[in-house]
Amino acid sequence: MQIRLGYVAVPLSIKATSSSIVTYSHYKKLGVARGNEKLHKVIMSNFEDLKKILNYNIKNEISFFRMTSNLIPLGTHPEVNYEIFLTYKEQFIEIGNIIKQNDMRIDTHPDQFCVLNSINEVVVTSSINILKFHQSMFKAMGIDGKMILHVGSSAGGKRNAMKRFKENFLKLDPLLQKMIILENDDKVFNIRNTLKLCEDLKIPMVLDYHHHLCNNNGEKITDFIEKIFATWDNQTLNPKLHFSSPKNKKEKRSHSEYIEHEDFLDFIEKIKFTNKDIDIMLEAKAKDEALFRLIRQIKYEKEYKFIKNTVFLI
DNA sequence: GGTCGTCAAGGGGTG
DNA sequence: CACCCCTTGACGACC
């Protein structure tokens, strides 16, 4: 069993974010010409930063990565007409080549405004636009990227909400459907609900273990893990998991700075019977530094062998 | 020259 | 109903 480790979006060790923004009110104030100029500057700096981050990851042998969803500010804003995919054709290709040449795995996590199962039609439409925009970015890069989503709203009760998710999902372009992965959340849709949807729709499920600890009906992870991994059977990618430690006892749902290495080892103990190669994304505030610290802490465990950021269970 | 409120967007929770 | 939270960086208003 091999476990690759990764982190989220923005490394702390180098000065690069790739998520610089332009607010719409600022854009409007500048007027179309100067607004677009401003957008161009920010987008170019985001591309430069993204290259820096990817190269940093390559240097550190971190082979999978959650890309920011803010690479192109106002990219889906209805009032901003800015030709992204022609203007930045070269930049997208350049990024895509770095990713492909280094065999990196790329995911995105569209943010809270992307609610495919909203009861508001307008929200559903704009959510679909967000998904299509991600699809276009992957296409422009020429990569096989994925988008990790939550089920979304619970309005009308979980059962209805899950039904709406299914209906809206099935209306999407089949190519887009194939890019979508569902993740259990920390409030509403637990591993049982999320797994059911993934099985019905034949899409992979990311297990977020922290969310599971916040939101469960007593489901034991050992009873579900094989079924969760089975949702990846037709994929070329390894099953992916999210792992983090709670900030403290009171703020259980927030992520802490670092990963508690005992928690991590306990978790691995629970799932190692599956003997699957997996990718674990660490969702800690200290990002890449949390990853490096975790490795330093568990490096000398007898059962584990390390090659850079990959853990091998012996 | 530092601090703070504001910003396209959803939804859930509280009082 | 009004306001708060999630998250996150830029920017302008203000002291």
Salt bridge (Lys or Arg N to Asp or Glu O under 4.0 Å) partners for Lys51(A), two or more places apart: Glu48(A), Glu94(A)
Test side-chain contact (heavy atoms from CB on, under 4.5 Å) applied to Ser118(A) - qualifying residues, sequence neighbours left out: Val115(A), Asn120(A), Val123(A), Val124(A)
Summary of protein contacts for nucleotides 2-8 of chain B, nucleotide by nucleotide, where a base hit scores B, a sugar-phosphate-only hit scores S (4.0 Å, heavy atoms): -----BB
Test ring pair (Phe, Tyr, Trp, His ring centres under 6.0 Å) applied to His109(A) - qualifying residues, sequence neighbours left out: His150(A)
Contacts of Ile58(A) that satisfy side-chain contact (heavy atoms from CB on, under 4.5 Å) - sequence neighbours left out: Asn55(A), Ile98(A), Asn102(A), Met104(A)
Check: Tyr7(A) ring centre within less than 6.0 Å of Phe64(A) ring centre: no
Contacting residues from residues 40-49 of chain A, given that a heavy atom lies under 4.0 angstrom of DNA chain B: none
Sequence-distant partners of Phe267(A), ring pair (Phe, Tyr, Trp, His ring centres under 6.0 Å), two or more places apart: Tyr209(A), Phe243(A)
DNA chain C: stems of at least 3 consecutive Watson-Crick or G-U pairs whose donor-acceptor distances fall under 3.5 Å: B:1-7 with C:9-15, B:10-15 with C:1-6
Partner residues of Ser19(A) under the side chain to side chain donor-acceptor pair (under 3.5 Å) criterion, sequence neighbours left out: Thr68(A)
Protein proximity profile, nucleotides 10-15 of chain B - base contact B, sugar-phosphate-only contact S, no contact -, cut-off 4.0 Å on heavy atoms: BSS---
Between Phe92(A) and Phe47(A), ring centroids under 6.0 Å: yes
Lys/Arg cation over aromatic Phe306(A): Lys299(A), 6.0 Å, 45° cone: no
side-chain contact (heavy atoms from CB on, under 4.5 Å) against Lys178(A), all qualifying residues, sequence neighbours excluded: none
For DNA chain B, the residues among residues 163-172 of chain A that have a non-hydrogen atom under 4.0 Å from it: none
